[in-house]
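In what follows, a structure is listed as structure tokens, so that the remarks can point back to it.
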Protein chains: 2
Amino acid sequence: VAAETAGVAHLDPAVRRLLADAVGAQHVLVGEESTAAYDNDWTGRFRGRSAAVVRPGTTAEVAAIIDICRRHAMSVVAQGGNTGLVGGGVPLHGELVVSLGRMATVGEVDVVARQITVGAGATLAAVRDAADRAGLAYAIDLGARDSATIGGTIATNAGGLNFLRHGGTREQLIGVEAVLGTGRTISHLGGLLKDNTGYHLPSLLCGSEGTLGIVTVARLRLATRHDHRVTALLAFGDVAAAVAAIGRLRSMLEIIEAAELFLDTGLNLVCSAFQLRPPFPTGHAVYVLVEVADVQDPTATLAAAVDHLTGVDDVAVAVDSVQRAALWRYREGHTTAINTIGSPHKLDVTLPLDRLAEFIETVPSIVAMVDDTATTWLFGHIGDGNIHVNVTGPADEDERVDDAVLRYVASLDGSISAEHGIGSAKRSWLGLGRSEAEIETMRDIKRALDPDRILNPNVLFG
Amino acid sequence: VAAETAGVAHLDPAVRRLLADAVGAQHVLVGEESTAAYDNDWTGRFRGRSAAVVRPGTTAEVAAIIDICRRHAMSVVAQGGNTGLVGGGVPLHGELVVSLGRMATVGEVDVVARQITVGAGATLAAVRDAADRAGLAYAIDLGARDSATIGGTIATNAGGLNFLRHGGTREQLIGVEAVLGTGRTISHLGGLLKDNTGYHLPSLLCGSEGTLGIVTVARLRLATRHDHRVTALLAFGDVAAAVAAIGRLRSMLEIIEAAELFLDTGLNLVCSAFQLRPPFPTGHAVYVLVEVADVQDPTATLAAAVDHLTGVDDVAVAVDSVQRAALWRYREGHTTAINTIGSPHKLDVTLPLDRLAEFIETVPSIVAMVDDTATTWLFGHIGDGNIHVNVTGPADEDERVDDAVLRYVASLDGSISAEHGIGSAKRSWLGLGRSEAEIETMRDIKRALDPDRILNPNVLFG
């Protein structure tokens with residue numbers, strides 16, 4: 001996937017005055033010095049140039065901005081923590097950036113209903129902390145938790161570390177306040193779980209990548225806090241044995257928070273990059289890190305369930321936090337270790353579980369056929385078939401490997417985007433994952449809710 | 001809510017021939033004798049008259065029907081098991097009925113992915129049985145399980161008995177095949193859980209009551225089968241004590257499948273109607289029936305948790321199935337027992353948990369103010385604030401009590417439809433639960449996906 005760079009953007013002085021009237025002049029940022037942090041994504045791969053950055057403080061101010069943009073045919077990119085990975089939140093075509101950072105209010109936890117209302121600009125970490133202080137938990141977690149915002153996780157339907165047990169952001173989203181491309185402000189934050197009164201707009205906005213509306217406030221479901229965690233590393237002779245064992249384990253245990261796959265090549269790279277001792281005396285082809293969590297100590301439950309598995313060649317169990325962190329390091333070290341070799345092409349894909357072994361076995365040769373200097377690194381979330389394909393070797397702008405891998409994924413009935421979204425990066429491949437009728441239906445909805453095509457018009461659709 | 005009766009419907013002979021060409025003449029039913037079972041709802045309250053009933057066998061046949069209807073400006077009502085409660089699935093305005101009953105294929109259970117693909121006309125019971133035979137469970141269950149179809153449960157986002165633990169139908173729905181009002185057929189049945197490639201159409205169709213498209217096939221999530229069930233009946237001095245205790249219980253136990261509320265008046269009516277002995281030596285104001293289920297015997301876990309509760313005046317625990325059925329009879333007997341008094345007005349509403357006690361205390365006097373001959377019966381699902389308000393006394397067509405109760409619910413920030421939907425019955429009150437901006441947004445979506453306004457045009461919107 002090639003880097004994208006936009007040309008110079010321009011803001012009409014009259015529009016600038018209207019925006020300043022709407023949000024206050026100090027919240028309209030113009031000029032490269034003040035907008036650079038918003039114009040470019042954190043990976044440096046997507047470099048844009050905004051007409052301006054506006055920082056509204058209320059939903060009414062967002063509505064005023066949308067109204068101005070509709071009247072002046074200005075395109076808008078909503079931005080949260082700017083931690084997206086597919087160029088969906090940066091102004092690659094001179095758009096106006098609407099940064100939700102000031103709308104970061106974290107409401108009181110409603111302990112009886114087990115819910116919280118938060119501003120779209122609140123960070124994931126802030127929401128997780130608030131839940132924790134109330135004795136509950138927010139089920140979504142991911143590495144970028146300190147920067148990623150709730151609004152961004154809604155726009156991309158973020159999955160993250162504990163998807164296997166809790167689902168993604170859509171499953172946590174009870175209600176939203178949002179300004180749509182039509183200019184309408186919708187607000188449904190009462191938190192009623194059973195409320196069959198027409199179309200479920202939160203589910204539609206979730207995952208729409210800023211193309212239908214700008215979510216300003218969200219009502220979120222909270223979960224039971226599990227204070228007891230146990231982590232096990234299981235070794236297998238091949239991927240098929242690992243898939244079968246994890247399937248079996250899931251049928252016995254409902255307390256699995258994560259099941260993370262990596263391979264011997266990745267483990268060796270991590271051990272050499274960080275000078276770690278390998279987890280077992282001898283090497284194995286495939287490793288799965290399993291984490292369980294419960295309100296009581298789940299060690300015995302996990303041990304009993306693992307005893308029932310076949311095909312497990314070795315096991316290491318970690319109960320205390322130091323041991324657990326040591327096991328997690330083998331998995332979490334992958335990103336940094338791979339970066340020591342070169343800037344990888346990153347493809348986040350899902351495979352049907354019964355095609356996962358075939359995919360992992362075959363994809364390195366698919367990559368090698370396109371570029372025999374490339375190296376393929378594979379790791380991910382085995383429970384939901386989500387594999388992070390990292391390829392080192394090809395130049396940044398060389399998309400041949402990406403194209404071959406995504407086409408291979410589609411041929412196995414997989415998804416070309418598991419959790420990162422389509423954004424700008426994958427829009428030319430949307431047709432691999434969605435039929436023409438689905439894409440046309442999405443366009444029908446886009447036209448209905450954003451008739452002037454001002455909301456993130458350059459993402460999602462090819 | 002008054003009964004609705006439609007006038008005589010007419011089917012153009014040329015259209016009849018086109019329909020016969022599309023689905024086979026034997027699957028086009030015309031004339032009151034053959035259509036009566038489809039024209040009237042099972043409660044007898046909603047009596048319609050269809051132009052014809054067509055019974056397609058494939059998605060392509062549904063698409064052909066929609067095409068004919070679009071070209072001839074004929075309205076369509078999709079129908080499953082005809083067990084709806086709000087007149088959303090019967091031809092009250094002479095519509096063509098598209099009955100999905102022939103599309104009842106129940107696919108093989110995918111045990112590793114824990115999913116199943118089924119035709120929209122498959123009954124809930126058939127899907128539950130298939131899951132059970134594979135050692136898994138389908139999480140949705142409700143009294144009408146032998147007649148209600150998967151398509152109907154999707155159209156209404158059915159909640160049912162185990163909502164508290166598993167959520168509603170939307171949470172089980174991974175993918176759909178459907179024909180939209182635009183004529184487009186969308187199909188996304190691959191079953192990938194992580195698949196962020198644009199708008200989530202299954203969530204939008206779920207709960208749309210046949211106004212956007214006709215779902216023909218669904219891919220459903222299956223859950224772990226819990227073979228060990230324990231039921232406890234808890235007695236309380238008032239609703240506030242019950243709400244607090246159940247909130248506390250939920251924070252300790254994640255295995256609660258149901259928490260069902262009823263009151264002393266309802267219990268007395270059930271005991272006298274069925275000549276049952278009351279559960280406790282002395283009466284109590286409020287009862288909550290709690291059911292837990294797990295892969296291991298949860299008796300000790302439940303007992304330990306109940307021991308931690310305050311405000312519980314008495315407890316009965318049932319472990320074997322005969323005892324459990326005896327406790328459930330107090331709750332399940334309500335509908336039949338109330339019917340012995342008269343045909344009740346049934347209002348299915350949700351209250352915020354912190355307004356539930358106030359609502360239950362006050363609503364009988366609200367009803368009495370409107371009609372002092374009326375009696376109010378209250379029972380429901382306490383965990384999610386869902387109360388079934390039954391009122392005996394007022395004539396069928398007298399809507400004054402319904403209006404007063406729904407307005408009172410709205411004033412407490414409750415929902416005027418918890419799980420039954422809006423249908424025809426509640427459409428004039430939609431504005432109590434949704435803002436004008438929300439309703440206009442729903443209309444925007446309706447226009448986009450059903451531009452000719454042929455799909456259930458007389459439900460949902462006022």
Side-chain angles (χ1 to χ4, degrees), chain A residues 112-113 156-157 159 163 170-171 180 182 184-188 190-201 203-204 206-208 224 243 247 251-252 254 350 352-354 384-386 413-422 430 433-435 437-438 440-442 444-445 447-449 460, chain B residues 112-113 135 156-157 159 163 170-171 180 182 184-188 190-201 203-204 206-208 224 247 251 254 295 350 352-354 384-386 413-422 430 433-435 437-438 440-442 444-445 447-449 460:
Chain A
V112 173
T156 55
N157 184 29
F163 183 93
R170 189 177 288 115
E171 283 73 38
L180 305 177
T182 52
R184 300 191 211 285
T185 297
I186 58 169
S187 185
H188 207 82
L192 301 173
L193 294 179
K194 276 182 157 173
D195 184 22
N196 279 346
T197 54
Y199 311 154
H200 199 246
L201 304 176
S203 289
L204 179 61
C206 190
S208 67
T224 299
V243 168
S251 73
M252 293 186 281
E254 290 176 280
T350 303
L353 289 177
D354 57 6
D384 32 68
N386 179 189
D413 297 323
S415 171
I416 62 163
S417 181
E419 51 186 1
H420 297 169
I422 296 295
L430 181 62
R434 294 290 202 123
S435 68
E438 286 181 285
E440 286 306 313
T441 300
M442 294 200 280
D444 289 339
I445 296 170
R447 267 189 297 272
L449 300 192
L460 192 50
Chain B
V112 173
T156 57
N157 185 28
F163 183 93
R170 190 176 289 116
E171 283 75 38
L180 305 177
T182 51
R184 302 190 209 284
T185 297
I186 58 170
S187 185
H188 207 82
L192 302 173
L193 294 178
K194 277 182 156 173
D195 184 22
N196 280 346
T197 53
Y199 310 155
H200 199 244
L201 304 175
S203 288
L204 178 62
C206 189
S208 67
T224 298
S251 73
E254 289 175 281
V295 289
T350 303
L353 288 176
D354 58 4
D384 33 67
N386 178 191
D413 299 323
S415 170
I416 62 162
S417 182
E419 50 186 1
H420 298 169
I422 296 295
L430 181 62
R434 294 291 201 121
S435 68
E438 285 180 285
E440 286 307 313
T441 299
M442 293 199 282
D444 290 338
I445 295 170
R447 267 189 297 272
L449 300 194
L460 193 49

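Reminder, nothing fancy here: chain letters follow the sequence lines and each chain counts from 1.
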I need the A:Leu201 CG to B:Ile445 CD1 distance, nearest 0.5 Å. 5.0 Å

Output the distance between atom OG1 (B:Thr224) and atom CE (A:Met252), rounded to the nearest 0.5 Å. 11.0 Å

Of the listed residues (A:Asn386, A:Ile416, A:Leu180), which shares the most heavy-atom pairs with chain B below a 4.5 Å separation? A:Asn386

CD-CD distance between A:Glu171 and B:Glu171, expressed to the nearest 0.5 angstrom: 7.5 Å

Proximal component of A:Asn157, with respect to chain B [non-hydrogen, under 4.5 Å]: both

Region of A:Glu438 that comes under 4.5 Å of a non-hydrogen atom in chain B: both

Indicate yes or no: at least one non-hydrogen side-chain atom of B:Asp195 is less than 4.5 angstrom from one of A:Thr350. no

Measure A:Tyr199 against the heavy atoms of chain B and call it side chain, backbone, both or neither at under 4.5 Å. both

Specify which of B:Leu192, B:Ile186, B:Leu193, B:Leu353 makes the most heavy-atom pairs with chain A at under 4.5 Å. B:Leu192

Pick from B:Gly191, B:Ala448, B:Ser417 with the largest number of heavy-atom pairs that fall under 4.5 Å of chain A: B:Ser417

In terms of heavy-atom pairs under 4.5 Å, which option from A:Pro352, A:Gly198, A:Gly159 contacts chain B the most? A:Gly198

I'd like to know which of A:Ala418, A:Ser187, A:Ser435 tops the heavy-atom pair count under 4.5 Å against chain B. A:Ala418

Nearest 0.5 Å, please: how far is CD1 in A:Ile422 from OG1 in B:Thr197? 5.5 Å

Pick from A:Gly433, A:Ala437, A:Gly385 with the largest number of heavy-atom pairs that fall under 4.5 Å of chain B: A:Ala437

Contact origin within A:Thr185 toward chain B - heavy atom pairs under 4.5 Å: backbone

If you count heavy-atom pairs within less than 4.5 Å of chain A, which of B:Val295, B:Thr441, B:Leu430, B:Leu204 leads? B:Thr441

Any side-chain to backbone donor/acceptor pair from A:Asn196 onto B:Thr156? Under 3.5 Å, distance only. yes

Determine the option with the most heavy-atom pairs under 4.5 angstrom with chain A, choosing from B:Gly190, B:Ser208, B:Gly247. B:Ser208

Region of B:Glu419 in contact with chain A, defined by heavy-atom distances below 4.5 Å: both

Note: A:Ser203 and B:His200 closest approach over all heavy atoms is O-CB, 4.3 Å

Heavy atoms, side chains only, cut-off 4.5 Å: are B:Arg184 and A:Asp444 in contact? yes

